[in-house]
Peer 1: 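The structure is given below, and queries will be raised subsequently.
What you are looking at is a predicted structure, and each value in this text was computed from that prediction instead of being measured.
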Amino acid sequence: LSSSSAASDVYKRQLLHRLLPHPVLTLLLTVTWLLLVNGYSLNSLVFGFGLAVIIPFVTQPFWPNRPTIKKPIKVVQYILLVLYDIVVANIVVAKIVVFKPNAARQPNWVTIPLDLRTPEAITTLAGTITMTPGTVTADVSAEGHALLVHCLDAPNPDEVRDDIKQRYERRLMEIFE
């Protein structure tokens with residue numbers, strides 16, 4: 001009886017995996033749809049969920065190795081950190097634009113050597129840098145071992161590099177690798 005129960009559980013998991021190949025992405029797409037329509041009705045929920053099931057199913061062949069998130073609570077902490085940094089960076093950039101003369105600004109290109117190796121983690125880091133006002137990820141090396149970042153005002157590029165590696169890359173390594 002227990003072996004048939006175990007086989008039934010395996011079958012259920014395989015069926016669920018076929019129907020929802022990326023359950024976290026499905027949830028994220030559903031929530032994103034509800035935020036985009038700016039309304040919460042049963043129709044919006046059903047349509048959003050339908051899209052959220054179809055999109056990962058159709059794109060499944062392009063994700064041969066799904067990323068695994070080892071510590072989901074770290075994801076929440078990372079999102080909160082990034083949101084906080086975006087608010088702080090908005091204030092800093094506003095001060096730079098309003099009060100710092102153009103001649104006193106020191107824009108710089110900063111190369112960030114990467115310890116990250118998974119494409120999802122590198123993409124998340126590049127997106128985080130770009131979402132933070134005052135910085136933009138301009139390029140990724142062909143091997144994926146470095147990012148080229150432009151900073152609006154970076155008198156000390158080494159400090160920017162170290163801050164990105166310590167603040168973001170280290171946390172992403174805990175999440176993805």
Side-chain angles (χ1 to χ4, degrees), residues 21-38 48 52 55-56 59-60 62-177:
H22 302 284
V24 175
L25 180 60
T26 299
L27 177 66
L28 182 64
L29 288 171
T30 302
V31 170
T32 302
W33 177 260
L34 291 173
L35 291 172
L36 284 172
V37 296
N38 200 20
I55 291 170
T59 61
Q60 184 178 5
F62 303 108
W63 294 51
N65 302 321
R66 283 192 303 176
T68 56
I69 296 176
K70 304 213 179 349
K71 299 177 181 174
I73 195 73
K74 296 281 187 181
V75 174
V76 174
Q77 292 172 342
Y78 184 79
I79 290 170
L80 292 174
L81 172 74
V82 170
L83 290 174
Y84 172 79
D85 286 352
I86 288 171
V87 170
V88 170
N90 270 299
I91 295 167
V92 170
V93 167
K95 286 181 181 178
I96 291 169
V97 169
V98 173
F99 298 113
K100 199 167 191 177
N102 285 344
R105 291 186 200 152
Q106 296 179 346
N108 265 311
W109 291 97
V110 181
T111 300
I112 314 291
L114 296 177
D115 297 321
L116 294 170
R117 291 297 170 245
T118 61
E120 296 82 11
I122 294 170
T123 302
T124 303
L125 178 61
T128 299
I129 292 168
T130 300
M131 284 188 298
T132 308
T135 56
V136 65
T137 304
D139 198 10
V140 180
S141 69
E143 302 82 29
H145 296 302
L147 294 177
L148 181 62
V149 176
H150 185 268
C151 301
L152 175 67
D153 187 38
N156 186 350
D158 293 337
E159 187 178 301
V160 172
R161 180 200 63 224
D162 295 343
D163 190 42
I164 288 172
K165 289 189 70 61
Q166 182 62 29
R167 198 156 178 87
Y168 301 127
E169 186 183 34
R170 179 183 58 82
R171 287 176 169 88
L172 288 172
M173 286 185 78
E174 291 175 5
I175 293 170
F176 286 102
E177 298 179 356

Peer 1: Mind listing the side-chain donor-acceptor pairs of residues 28-35 below 3.5 Å, one per line with the distance, residues two or more places apart or on another chain?
Peer 2:
from  : atom 1 : to    : atom 2 : distance (Å)
Thr30 : OG1    : Thr26 : O      : 2.9
Thr32 : OG1    : Leu28 : O      : 2.7

Peer 1: How long is the span from the CG atom in Leu116 to the OG1 atom in Thr124, to the nearest 0.5 Å?
Peer 2: 9.0 Å
Peer 1: Extract all donor-acceptor atom pairs below 3.5 Å that involve side chains of residues 72-81 and protein atoms in other chains or at least two apart in sequence.
Peer 2:
from  : atom 1 : to     : atom 2 : distance (Å)
Lys74 : NZ     : Glu174 : OE1    : 3.2
Tyr78 : OH     : Thr128 : OG1    : 2.8

Peer 1: Is there a donor-acceptor pair closer than 3.5 Å between any side-chain N or O of Asn108 and the backbone N or O of Cys151?
Peer 2: no
Peer 1: Where the side chain of Asp163 meets the backbone of Glu159, is there a donor-acceptor pair that is under 3.5 Å apart?
Peer 2: no
Peer 1: Applying side chain to side chain contact (heavy atoms under 4.5 Å, CB included), name anything that partners Ala103, two or more places apart in sequence or on another chain.
Peer 2: none
Peer 1: Evaluate Asp158 against Arg161 for salt bridge (Lys or Arg N to Asp or Glu O under 4.0 Å), listing each step before the verdict.
Peer 2: CA-CA 5 Å; Asp158 293 337; Arg161 180 200 63 224; 3.1 Å; yes
Peer 1: To the nearest 0.5 Å, tell me how far Leu152 CG sits from Gln106 CD.
Peer 2: 11.5 Å
Peer 1: Which atoms form the tightest heavy-atom contact between Thr132 and Ala89, and what is the distance?
Peer 2: CG2-CB, 3.6 Å
Peer 1: So, Glu169 side chain and Asp115 main chain: donor-acceptor pair closer than 3.5 Å or not?
Peer 2: yes
Peer 1: Val160 and Ala154: which non-hydrogen atoms are nearest, and at how many Å?
Peer 2: CG2-CB, 3.8 Å
Peer 1: Verify the distance criterion only: is there a donor paired with an acceptor across the side chains of Asp85 and Tyr168 at less than 3.5 Å?
Peer 2: yes
